[in-house]
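Per chain, numbering begins at 1; letters A, B, ... match sequence-line order.
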Protein chains: 2
Amino acid sequence: MSDYEHTCLIRGDGGATLRAILDQICNKWTLLIVATLDRGTLRFTDLHQQIPGISQRMLTLTLRNLERDGLVARTVYAEVPPRVEYELTPVGKSLIPPALALAGWAIEHVPHIEASRAAYQPKSGR
Amino acid sequence: MSDYEHTCLIRGDGGATLRAILDQICNKWTLLIVATLDRGTLRFTDLHQQIPGISQRMLTLTLRNLERDGLVARTVYAEVPPRVEYELTPVGKSLIPPALALAGWAIEHVPHIEASRAAYQPKSGR
DNA sequence: CCGAATCCTACTAGATACTG
DNA sequence: CAGTATCTAGTAGGATTCGG
């Protein structure tokens, strides 16, 4: 089947729906957290350590968004010290394959893109 | 095959490579432009009209980025009045399928996500 | 241990006006 | 026609501190 008939999926409502979702998963940490949680249930501190460079703030915010969107389940255990576990919901897991498709494309074409960037000479000014 | 072995694609170098690419295609207009150009070669004004809401500035900036990354070819005809045509390169076209995969996921799960958002009750404070 | 609250900075995108 | 220049507002993300 040709791409032609299907790019309407992207252009759809002017791209608004798709972009809303894309914005959500592109916000620098979401995809990384989802990919990390794909390995299994993790606690807050585990996530914080397994994702280098993330701040507590962004980890909290991103997890809240994922929870709100139903991609991640948050379980609080009433213990001392407190324990909170995060895991992917089925919907969250279903994001992995398309994300991998894009990741595969990215990895595959990074050399080309970087070469193109290096060779790029702006025609006017800069 | 399991996702497990492959999420390394996402986590790879801490997600930096993938995120660099994702940031590029998530910047609100890129995917829309690529999807529009998938229909064929277009001039600047055509693009401007076919993509509702985009400003001249953002169209120019996004096209420049795409050109720099080798996803879009820009052809200037030395005529009066000036004519500039944009078309996808093979690499640009190769972005369509994985983008469609993600778009399909988005469209499919938007109802679930919106329902989840509506039902979401923050547990603490807010 | 798991956050919430606050402050701060840099970048993005939009509006508008001007140019070769 | 196909841009460029300038200005501005909004937001994402980082650092730090405090609380249960």
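Rounding to whole angstrom units, CZ of residue A:R64 and C1' of C:dG3 are separated by 7 Å. When the P atom of C:dG14 is taken as reference, atom CG of B:L59 falls 12 Å away, rounded to whole Å. We find that CG of A:N65 is positioned 12 Å from P of C:dA4, with the value rounded to whole Å. Rounding to whole angstrom units, CD1 of residue A:I25 and C1' of D:dA12 are separated by 17 Å. Between B:L42 atom CG and D:dA2 atom P there is a gap of 11 Å when expressed in whole angstrom units. Atom CD1 of A:I33 and atom P of D:dG13 are 11 Å apart (whole Å). In this structure, CZ of A:R83 is placed 18 Å from C1' of D:dG20, rounded to the nearest angstrom.
Side-chain contact check for A:R68 and B:S116: no donor-acceptor pair (N or O, by modelled atom type) lies under 3.5 Å.
Applying the disulfide bond (SG atoms under 2.5 Å apart) test to every pair with at least one member in residues 75-120 of chain B, sequence neighbours left out, gives no pairs at all. Evaluation of the ring-ring contact (aromatic ring centres under 6.0 Å, His included) test over residues 10-62 of chain A, restricted to residues two or more places apart or in two chains, returns none. The stretch residues 22-54 of chain B participates, sequence neighbours left out, in these disulfide bond (SG atoms under 2.5 Å apart) pairs: A:C26-B:C26. Within the structure, disulfide bond (SG atoms under 2.5 Å apart) contacts touching residues 35-70 of chain B (residues at least two apart or in different chains) do not occur. Residues in residues 106-115 of chain B take part in these side chain to side chain donor-acceptor pair (under 3.5 Å) pairs, two or more places apart or across chains: A:S94-B:H109, B:W105-B:H109.
Where B:V84 and A:T62 meet DNA chain D, the nucleotide closest to each residue was compared, and B:V84 sits on the side nearer the 5' end. When the nearest nucleotides of DNA chain C are assigned to B:Q56 and B:P82 by heavy-atom distance, the more 5′-ward of the two goes with B:Q56.
Listed in residue order, the members of residues 44-54 of chain B having a heavy atom less than 4.0 Å from DNA chain C come to none.
Residues meeting the side chain to side chain contact (heavy atoms under 4.5 Å, CB included) test with A:Q49, sequence neighbours left out: A:T45. Listed by chain and number, the residues in a side chain to side chain donor-acceptor pair (under 3.5 Å) with B:N65 amount to none (sequence neighbours excluded).
Note on A:R74: a side-chain N or O is less than 4.0 Å away from OP1 or OP2 of C:dG3.
Annotation: side chain of A:R57 is not in contact with side chain of A:T60 (no heavy-atom distance under 4.5 Å).
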Short heteroatom pairs, N/O only, protein and nucleotides 10-13 of chain C, under 3.5 Å:
unit_1 : atom_1 : unit_2 : atom_2 : d
C:dA13 : OP1    : B:N27  : O      : 2.9
C:dA13 : N7     : B:R57  : NH2    : 3.1

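Backbone-only engagement by A:Y86 is indicated by non-hydrogen atom pairs under 4.0 Å involving sugar-phosphate atoms exclusively.
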